[in-house]
Amino acid sequence: MDLSHVKRGYVTDPREFLRKSTGEYWFTDTETTGFELWGKDNTYSLQIMDEHGNIGIFFNTEENYHYWDKLLTQPDRVIVFFNACFDMNAIRKLKGSYPEFRRIRDVMVQYRLLHHEGKYQLKVLIEKLLKVKTESKSALDQWKEAYRKKRKISAQAMKFIPYDIIPPKILIPYALDDVIYTAQLFYLTYQSIKDYKMMGIYNTECALIPELADMKWRGIPVDSEGAYRYKVSLMHKLHRLEKKIYKTARIRWNINSNKETEKVMLKLGYKLRYNYTGNAQLDKFALARMKGDLPPLLSRHSSLDYEISHYLVPISSANGRLHTDLNQVGALTGRFSSFNPNLQNMYRGPRIRRFFLPEPGHILFKADYSQIEMRVFAGRARIQRMLGHIKAEHDLHEMAAVDCTGKSDKTLRQVFKTINFLIIYGGGAERLYFELQRQAIINNAPELLKVPYPRSAHFMNRYRETYNEIPQFFMAKKEELEAQGFIRNFYGRCYFPTAFFNVNTSYKGVNYDVQGSAADLIKRAMVKLSTLRLPMQCLLQVHDELVYSIPKDEPLEIMEEEIKEAMVNDKIAKLVPIKVECEKGEDCGHPEKITD
């Protein structure tokens with residue numbers, strides 16, 4: 001698609017663009033002064049191009065943005081973005097609300113459905129797929145560098161310069177290039193979505209975008225002062241732990257440096273394992289394998305330091321409202337990823353969750369899919385015994401122990417709970433043994449130390465023999481990958497080979513299928529709940545939970561039934577029964593049942 005001619009005829013009057021433009025697809029982009037659109041940053045311009053090359057750039061003026069609704073809500077138009085969540089919030093920055101978009105498409109989402117590896121920023125894809133070096137980007141960078149030297153300001157400060165000081169002859173070509181390349185990338189990848197029969201998944205992802213943009217804009221109310229006090233107490237505890245580590249090792253070093261820790265461990269006689277990049281494995285899993293007094297202390301130090309830096313620092317500095325980045329295409333399986341901070345790895349207990357609050361005058365409402373990955377696994381692999389336990393609402397971990405050993409106790413339940421989850425990830429006897437060792441240290445469960453490797457191997461073998469459909473499911477996924485070059489989950493999402501996923505590692509396909517199907521179920525539920533127009537706001541999606549803020553005067557018991565019905569009534573329920581458990585709370589860390 002050659003669109004090199006379009007910049008010569010751009011317009012700046014939205015009324016003129018409305019008169020001239022035709023076609024079904026309108027490709028849209030915004031320019032902003034930064035990424036913090038709910039705070040200090042502003043929107044500079046809106047660019048739109050139709051599929052015939054008519055293009056306009058509309059600057060941030062009161063006269064212009066009164067027409068933005070008309071531009072973006074034409075009944076027969078499909079609005080195509082690259083990273084729609086960001087651009088929608090850029091539009092909201094000026095208008096104060098989102099236009100009522102009829103249909104949305106997102107080229108970034110398209111690309112990630114087809115390609116699971118590498119970076120996916122617009123500039124990267126322009127160079128990778130279109131084989132184009134963006135001259136306008138180079139011209140803008142050259143102007144910024146010259147301006148920085150002339151004014152003698154730092155490179156960091158240059159990120160916050162107002163766009164209105166950049167000469168239009170430099171900025172406009174750069175702004176228009178992005179929307180032109182968005183159009184080219186759209187046509188390059190859209191047909192492949194259809195060819196691989198992923199339009200259903202793509203439609204779900206696009207329908208989810210307004211909800212995600214709204215979540216990002218609002219942020220999550222948090223108790224920043226409480227988080228700060230807890231952070232200070234943990235920092236004191238961390239300081240005391242460091243003293244104990246130095247006393248045990250009889251040497252001082254930078255504990256946060258893996259290189260220095262590696263040298264100390266070798267000097268003290270510890271045998272270390274190394275990953276494929278040549279770096280020593282010093283994570284909690286690796287430390288759990290080692291004997292002696294030092295590894296448990298280092299493991300505890302790692303946990304405390306992670307809790308402080310990844311959660312308490314951003315929460316305590318959020319000034320009462322945390323704007324985490326929830327990325328719908330960040331994980332290969334289809335699950336959400338998040339950063340600043342990474343809430344997808346947040347502990348289930350109250351330690352961190354207690355700092356997440358509802359809106360003023362509201363109460364938190366949590367809807368949690370019960371054991372959803374195990375249920376999807378049982379349904380996809382057609383494990384008859386497990387399906388029977390699910391229908392009878394038995395404890396799957398306890399029944400796995402009974403099925404495989406004839407009895408169950410606290411230790412056996414924990415062993416088979418670990419197997420239930422490890423098996424989905426392709427884990428074997430060795431991984432089970434070391435995972436139990438890790439749990440024994442971290443969770444202070446010494447009984448798990450009494451499960452030696454031979455016994456771990458025995459339990460894993462009994463599990464596969466008892467649930468003999470599991471090896472068949474793994475083989476079926478391998479054959480699917482060999483036959484068609486990719487695998488498909490329950491909802492139609494495709495997983496293509498990568499450097500880490502191929503015929504030799506086809507066991508990962510089971511994880512992609514199961515975890516991806518569970519993730520798509522949650523996304524479909526979010527879309528359905530957003531269309532119910534219930535008086536609630538989605539604050540968080542973490543693990544298998546959806547957390548909403550609901551006014552306290554709303555009848556929670558009635559809303560609970562509506563929400564459960566929307567989340568459970570899905571086509572996957574024909575494969576395996578789905579269960580949703582709902583709770584309420586004044587914060588996210590202390591939930592209680594809504595009805596007895």
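These numbers were taken from a predicted model, which means no experiment stands behind them. Hydrogens, waters and symmetry mates are skipped; everything else that's a heavy atom, side chains included, is used.
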Colleague: Tell me whether Tyr202 contacts the main-chain N or O of Leu113 through its side chain, where contact means a donor paired with an acceptor under 3.5 Å.
Modeller: no
Colleague: Evaluate side-chain hydrogen bond (donor to acceptor under 3.5 Å, both in side chains) for Ser549 paired with Glu359, printing each intermediate quantity in order.
Modeller: CA-CA 6 Å; Ser549 181; Glu359 297 288 350; 5.5 Å; no
Colleague: About how many Å separate CZ of Arg15 and CG of Leu71, when rounded to the nearest 0.5 Å?
Modeller: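 It is 11.0 Å, given to the nearest 0.5 Å.
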Colleague: Is it true that a side-chain atom of Arg335 and a backbone atom of Gly330 form a donor plus acceptor pair closer than 3.5 Å?
Modeller: no
Colleague: As a quick check of understanding, evaluate side chain to side chain contact (heavy atoms under 4.5 Å, CB included) for Tyr512 and Asn489, giving each step before the final call.
Modeller: CA-CA 7 Å; Tyr512 297 161; Asn489 77 6; over 6 Å; no
Colleague: Can you give me the closest heavy-atom contact between Arg300 and Leu241, atom names plus distance?
Modeller: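 Shortest heavy-atom separation between Arg300 and Leu241 comes out as CG-CD2, 3.7 Å.
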Colleague: Applying side chain to side chain contact (heavy atoms under 4.5 Å, CB included), name anything that partners Ala175, two or more places apart in sequence or on another chain.
Modeller: Glu31, Gln47, Ile57
Colleague: In sequence, state the C-alpha distance, the side-chain angles, and the governing distance for Glu545 and Arg353, and then conclude on salt bridge (Lys or Arg N to Asp or Glu O under 4.0 Å).
Modeller: CA-CA 13 Å; Glu545 306 166 21; Arg353 291 179 174 231; 2.8 Å; yes
Colleague: Donor-acceptor pair, distance only, cut-off 3.5 Å: does the side chain of Ser257 make one with the backbone of Asn254?
Modeller: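 No.
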Colleague: My understanding is that only residues two or more places apart in sequence, or in another chain, count here; which of them pass side chain to side chain contact (heavy atoms under 4.5 Å, CB included) with His115?
Modeller: Tyr111
Colleague: Any chance the side chains of Tyr147 and Gln142 put a donor and an acceptor closer than 3.5 Å?
Modeller: no
Colleague: What distance do Ser21 atom OG and Glu16 atom CD have between them, rounded to the nearest 0.5 Å?
Modeller: 10.5 Å
Colleague: Verify whether the ring centers belonging to Phe17 and Phe58 lie closer than 6.0 Å.
Modeller: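 Yes, ring centres under 6.0 Å apart.
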Colleague: Assess whether atom CG of Asn275 is packed by more than 12 heavy atoms of other residues, nucleotides or ligands within 6.0 Å.
Modeller: yes
Colleague: State, with a plain yes or no, whether a side-chain heavy atom of Phe336 is found less than 4.5 Å away from one of Leu208.
Modeller: yes
Colleague: If you round to the nearest 0.5 Å, how far is OG of Ser302 from CG of Leu297?
Modeller: 12.5 Å
Colleague: Nearest 0.5 angstrom please: Leu282 CG to Glu262 CD, how far?
Modeller: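 Output value for this atom pair is 7.0 Å.
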Colleague: Could you tell me whether a side-chain N or O of Asp50 sits under 3.5 Å from a main-chain N or O of Gly23, the two making a donor and an acceptor?
Modeller: no
Colleague: Is it true that the side chains of Glu307 and Tyr230 contain a donor and an acceptor less than 3.5 Å apart?
Modeller: yes
Colleague: Where does the angle between the aromatic ring planes of Phe186 and Tyr25 fall among parallel (under 30°), tilted (30 to 60°) and perpendicular (over 60°)?
Modeller: tilted
Colleague: Around atom CZ of Arg321, are there more than 12 heavy atoms from other residues, nucleotides or ligands closer than 6.0 Å?
Modeller: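 Yes, CZ of Arg321 has more than 12 neighbouring heavy atoms, counting only those of other groups under 6.0 Å.
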Colleague: Walk me through it: do Met526 and Met215 pass the test side chain to side chain contact (heavy atoms under 4.5 Å, CB included)?
Modeller: CA-CA 12 Å; Met526 290 179 71; Met215 291 169 66; 4.0 Å; yes
Colleague: Any salt bridge between Glu145 and Arg148, counting N to O under 4.0 Å?
Modeller: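 Here Glu145 pairs with Arg148 in a salt bridge, since their nearest N and O are under 4.0 Å apart.
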Colleague: Under 4.5 Å between any side-chain heavy atoms of Ile255 and Leu298, yes or no?
Modeller: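 Sidechains of Leu298 and Ile255: in contact.
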Colleague: For the pair Lys523 and Glu205, find out whether any cationic side-chain nitrogen is under 4.0 Å from an anionic carboxylate oxygen.
Modeller: yes
Colleague: Verify the ring-centre separation between Phe59 and Tyr44: is it less than 6.0 angstrom?
Modeller: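 Centroid separation for Tyr44 and Phe59: below 6.0 Å.
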Colleague: Do the side-chain N and O atoms of Asn203 and Arg103 include a donor-acceptor pair separated by under 3.5 angstrom?
Modeller: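 No pair is found: no donor N or O on one side chain lies under 3.5 Å from an acceptor on the other.
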Colleague: Under 6.0 Å from the NZ atom of Lys128, do we count more than 12 heavy atoms belonging to anything else shown?
Modeller: yes
Colleague: In sequence, state the C-alpha distance, the side-chain angles, and the governing distance for Asn342 and His310, and then conclude on side chain to side chain contact (heavy atoms under 4.5 Å, CB included).
Modeller: CA-CA 7 Å; Asn342 181 5; His310 283 72; 5.5 Å; no
Colleague: First locate atom CG of Asn60, then atom OG1 of Thr32, and finally report the distance between them rounded to the nearest 0.5 Å.
Modeller: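 OG1 of Thr32 is found 11.5 Å from CG of Asn60.
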Colleague: Residues two or more places apart in sequence or in another chain: which of them pass side chain to side chain contact (heavy atoms under 4.5 Å, CB included) with Ser317?
Modeller: none
Colleague: Any chance you could lay out the side chain to side chain contact (heavy atoms under 4.5 Å, CB included) test for Leu364 and Leu539, step after step, and finish with the verdict?
Modeller: CA-CA 9 Å; Leu364 281 182; Leu539 298 181; 3.5 Å; yes
Colleague: When rounded to the nearest 0.5 angstrom, what distance separates CG in Leu294 from NE2 in His301?
Modeller: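 That separation rounds to 11.0 Å.
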Colleague: Using a 6.0 Å cut-off, check whether atom OH of Tyr270 has over 12 heavy atoms from anything other than its own residue.
Modeller: yes
Colleague: How are the rings of Tyr495 and His116 set relative to one another: parallel (under 30°), tilted (30 to 60°) or perpendicular (over 60°)?
Modeller: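 Answer is tilted, since the angle falls between 30° and 60°.
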Colleague: Is the shortest side-chain heavy-atom distance between Tyr181 and Leu130 below 4.5 Å?
Modeller: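 Yes; the side chains approach each other to less than 4.5 Å.
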Colleague: Salt bridge check, Asp520 against Arg524: does any charged N sit closer than 4.0 Å to a carboxylate O?
Modeller: no
Colleague: Within a strict 4.5 Å, meaning less than it, do heavy atoms of the Ile308 and Val313 side chains meet?
Modeller: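 They are in side-chain contact.
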Colleague: Does the distance from a Lys or Arg side-chain N to an Asp or Glu carboxylate O, for Arg92 and Asp214, drop under 4.0 Å?
Modeller: yes
Colleague: Would a 4.5 Å heavy-atom cut-off, applied to side chains only, mark His239 and His236 as touching?
Modeller: no
Colleague: Are the side chain of Glu260 and the backbone N or O of Trp253 linked by a donor-acceptor pair below 3.5 Å?
Modeller: no
Colleague: Using only heavy-atom distances, determine whether the side chains of Asp106 and Gln110 contain a donor-acceptor pair under 3.5 Å.
Modeller: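 Absent: no donor and acceptor within the cut-off.
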Colleague: Taking 4.0 angstrom as the limit, do Lys247 and Glu242 come out as a salt bridge?
Modeller: no
Colleague: Do any N or O atoms from the side chain of Ser299 and from the backbone of Leu287 form a donor-acceptor pair under 3.5 angstrom?
Modeller: no
Colleague: Flag the pair Lys267 / Ile251 as yes when at least one side-chain heavy-atom distance between them is below 4.5 Å, and no otherwise.
Modeller: yes
Colleague: Over 60° means perpendicular and under 30° means parallel, so classify the ring planes of Tyr306 and Tyr311, tilted if in between.
Modeller: perpendicular
Colleague: Counting only N and O atoms by type, is there a donor-acceptor contact under 3.5 Å from the side chain of Thr324 to the main-chain atoms of Pro341?
Modeller: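 Pair found, side chain donor or acceptor close to backbone of Pro341.
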Colleague: Ring centroid separation for Phe496 and Tyr196, is it under 6.0 angstrom?
Modeller: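 Yes; Tyr196 has its ring centre under 6.0 Å from that of Phe496.
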Colleague: If you define the side chain from C-beta out and look only at heavy atoms, does anything of Gln191 sit under 4.5 Å from Lys194?
Modeller: yes
Colleague: Quick one, Ile166 and Trp143 - any side-chain contact, counting heavy atoms below 4.5 Å?
Modeller: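 Yes, close enough: below the 4.5 Å cut-off.
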Colleague: Give a yes or no on whether Glu225 atom CD has more than 12 heavy-atom contacts from other residues, nucleotides or ligands under 6.0 Å away.
Modeller: no
Colleague: In terms of heavy-atom contacts, does CE of Met199 have more than 12 from other residues, nucleotides or ligands at under 6.0 Å?
Modeller: yes
Colleague: Is there a side-chain hydrogen bond (donor to acceptor under 3.5 Å, both in side chains) between Glu100 and Thr73 once you walk through the steps?
Modeller: CA-CA 6 Å; Glu100 289 291 330; Thr73 58; over 6 Å; no
Colleague: Just by modelled atom types, is the Glu24 backbone N or O under 3.5 Å from a matching donor or acceptor in the Glu51 side chain?
Modeller: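 Present.
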Colleague: For a quick test of reading the model, state the closest non-hydrogen atom pair linking Val542 to Leu343 and the distance between them.
Modeller: CG2-O, 2.8 Å
